[in-house]
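What you see below is based on every heavy atom in this structure, not just the backbone, and it leaves out hydrogens, waters and symmetry mates.
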Amino acid sequence: MTAQAQIAPSQTGAAHVEVCNLCVTVRAPDGSALRIVDDVSFAIPRGEVLALIGESGSGKTTIALSLMGYARGGARIEGRIRVGDATLDGTESASLAAQRGNRITYVAQSAAAAFNPSRRVMEQVIEPALIHGTASDAEARRHAVELFEALSLPDPAGIGSRYPHELSGGQLQRLMAAMALITRPDLVIFDEPTTALDVTTQVEVLQAFRKVVRDQGATGVYVSHDLAVVAQMADRILVLNRGRVREQDAVRAVLETPADDYTRTLLAAARPVVKAAVPAPATGSPLLSIEGICAGYGPVDREGRAAHPVLSDVSLHIGRGAAVGVIGESGSGKSTVARVVAGLLAPTAGTVLLDGQPLARSLKDRSREELRRVQIVFQNADIALNPAHSVGEILGRVLRFYEGISGHAARARVAELLDLIRLPAAVATRRCDELSGGQKQRINLARALAAKPDLILCDEVTSALDTVVREAILELLAELRRDLGVAYLFISHDIATVQALCDEIVVLYKGTCVESGPARAYAAPPFHPYTDLLISSVPELRTDWLSDVGRKDPPRLAAPDDGGGLCRFLPRCPVAIAGRCDTASPPLRQLDSGNAVLCHRSQAELAG
């Protein structure tokens, strides 16, 4: 069903949610009226889930929030909205605003930012039920434990006594869903709830969300930019672009026979492909060598071990102009590798060599030239860039530090940098808080390029971007590599993204390298069992994928208490061998594909 053939609320009978001719208007910087949501209509039957899909700025979250009668400061909502018996223009208890946190609840993207770090989790989860009087304290606590169990949280009876900082991102996201479901709401809004999670955690969270929403019979709105993710959660999809509906239909119809060109663009961007031709990396001595690195956090004992070890004997090499990807789940040590190379974290053992020369372990001990040659681009541009400064000031500061230039020469160089990252020169006068997410990530990259580095450390630079913007950033990185000869250490939890950009891929699990080799070798088995888990956890564009991925073999063996020297993946490995994997350290095997795998299984066994 295309935008021209939208479902009119009057034709939907007993739809639970009805939206008709919704418009949201704000004031543009010049004072004129700017319509950011334009004439949107849809209906959701009770118990179904509607997905709102589109790029950043398409109006997805604005529409979702309007279902709670909420709009940001200065915005005006027009049109008709009904959720159950409540309406946008209703009074007192009949208004949408009165339903917030009770009959209509919201699961935000960043659970870590939503929880109060000074209060135990249980007190926060049950708070909506106590505020709205839907349950007594004892009843709310019992229901919370039931939700923890339904959401597949560990230790359902005890996890509520922990503080937010003691829990993983995936656990916090599920706890936030429990908070949203504690009042037994009629409508639950999920706003990009898995975007910041690694692929294996995302699978667990999606499975838990889908089960609980279905069991409770709640109606849902799922906001996302990822069609493969919403294919697992939604009954229908509404595609948005610049505040207007481009297409809406059943999930299978949108995935298999999209009616709109923009929908086809989103589908194509779901699996990134870099089009820029990149020359083969230079042979000879590597630009960067990491040899036997061990690192961690906290005090270091007399044996040279950190109180909280992260990396264990990690080695990798990056040639001039090459791109090496490092992948793994959250907590695998990916970002710690980048921090060690950048000098932000001193290793407890091992060496980092740049052009064959040791780099000082700490940032403060490195020369300005060493700092210039190795630059880092952080994941969150909102935090990395000063919102009070203009783009020209941010880039100009780097130019003053490394090249000693200012005035007209600096402005000319800033214009060159903006041209390199495909942004107009006029952006130099704008503050970063006036830019889109993709534009800010380009400025983040330009700041690194301003130093004319040999190596850029890219730490999850595309993980928070929508699929279309992600594809554009990957294409830009490939073009810069081709034109400038810069090398990348590219860190991600998404193997599809790494395959699109990198020559070689290193797989980390709990600080240990379990597989490494050319990117082309990751196109087909054999893989290390953990690599196989990562690849199989990337959502596919089919509605039955989540059901299939949940039918994998369970782990065979439990790790012994000491675990010394054994495979770290042993407690989760579905192909572990009793009497071998639980008694001896795994050997490093060289496969015919060119990959090195740390595993007891033979190549033939891994291929089967």
J.: We want to know whether T336 and Y297 form a side-chain donor-acceptor pair, criterion being a heavy-atom distance below 3.5 angstrom.
T.: yes
J.: Are the side chains of P518 and N595 in contact, using a 4.5 Å heavy-atom criterion?
T.: yes
J.: With a 4.5 Å cut-off on side-chain heavy atoms, are L418 and I443 touching?
T.: yes
J.: Quick one: closest heavy-atom pair of S492 and T497, and the distance?
T.: OG-CB, 4.4 Å
J.: Report the C-alpha distance between R372 and E369 in whole Å, list the side-chain angles of each, state the deciding distance to 0.1 Å, and finish with yes or no for salt bridge (Lys or Arg N to Asp or Glu O under 4.0 Å).
T.: CA-CA 5 Å; R372 181 195 67 77; E369 177 64 7; 2.7 Å; yes
J.: Which heavy atom of A450 sits nearest to which heavy atom of L417, and what is that distance?
T.: CB-CD1, 3.6 Å
J.: Side chains of Q379 and D459: do they bring a donor and an acceptor to under 3.5 Å?
T.: no
J.: A side-chain contact here means heavy atoms from C-beta on lying under 4.5 Å apart; do P529 and L606 qualify?
T.: yes
J.: Would E192 and Y222 count as having a side-chain donor-acceptor pair, cut-off 3.5 Å?
T.: no
J.: Any donor-acceptor pair under 3.5 Å linking the side-chain atoms of H225 with those of T467?
T.: no
J.: Counting C-beta onward and ignoring hydrogens, is there a side-chain heavy-atom pair between R373 and K452 closer than 4.5 Å?
T.: no
J.: L385 and K440: which non-hydrogen atoms are nearest, and at how many Å?
T.: CD1-O, 3.5 Å
J.: Between E515 (side chain) and H528 (backbone), is there a donor-acceptor pair under 3.5 Å?
T.: yes
J.: Below 4.5 Å, heavy atoms only, C-beta onward: do K60 and E55 meet side chain to side chain?
T.: no
J.: Do you see a donor-acceptor pair shorter than 3.5 Å between the side chains of D198 and T201?
T.: yes
J.: Looking only at heavy atoms, what is the nearest atom pair of S536 and L533, with distance?
T.: OG-O, 3.1 Å
J.: Between D454 and V374, is the side chain to side chain contact (heavy atoms under 4.5 Å, CB included) condition met? List the steps.
T.: CA-CA 6 Å; D454 297 318; V374 179; over 6 Å; no
J.: Could you walk me through whether V337 and L311 satisfy the side chain to side chain contact (heavy atoms under 4.5 Å, CB included) test, starting with their C-alpha distance in whole Å, then the side-chain angles of each, then the deciding distance to 0.1 Å, before giving a yes or no?
T.: CA-CA 8 Å; V337 172; L311 299 179; 3.8 Å; yes
J.: Where does the angle between the aromatic ring planes of F527 and Y522 fall among parallel (under 30°), tilted (30 to 60°) and perpendicular (over 60°)?
T.: parallel
J.: Is S585 reaching over with its side chain to a backbone N or O of G565, donor-acceptor style, under 3.5 angstrom?
T.: yes
J.: Hey, are Y530 and E329 close enough side-chain-wise for a donor-acceptor pair under 3.5 Å?
T.: yes
J.: State whether the side chain of R361 and the backbone N or O of P347 hold a donor-acceptor pair below 3.5 Å, judged by distance alone.
T.: yes
J.: What's the shortest heavy-atom distance between I376 and A342, and which atoms?
T.: CD1-CB, 4.4 Å
J.: Cation over ring, R368 on Y402, under 6.0 Å and within 45°?
T.: no
J.: More than 12 heavy atoms of other residues, nucleotides or ligands under 6.0 Å from CZ of R242: is that the case?
T.: no
J.: Are P358 and T351 side-chain neighbours, meaning at least one heavy-atom pair lies under 4.5 Å?
T.: no
J.: What do the steps show when you test V239 against L227 for side chain to side chain contact (heavy atoms under 4.5 Å, CB included), and what is the final call?
T.: CA-CA 10 Å; V239 181; L227 276 164; 5.5 Å; no
J.: Counting only N and O atoms by type, is there a donor-acceptor contact under 3.5 Å from the side chain of Q232 to the main-chain atoms of V229?
T.: no
J.: Could you pull out the closest heavy-atom pair between V223 and P193, with the gap in Å?
T.: O-CD, 4.2 Å
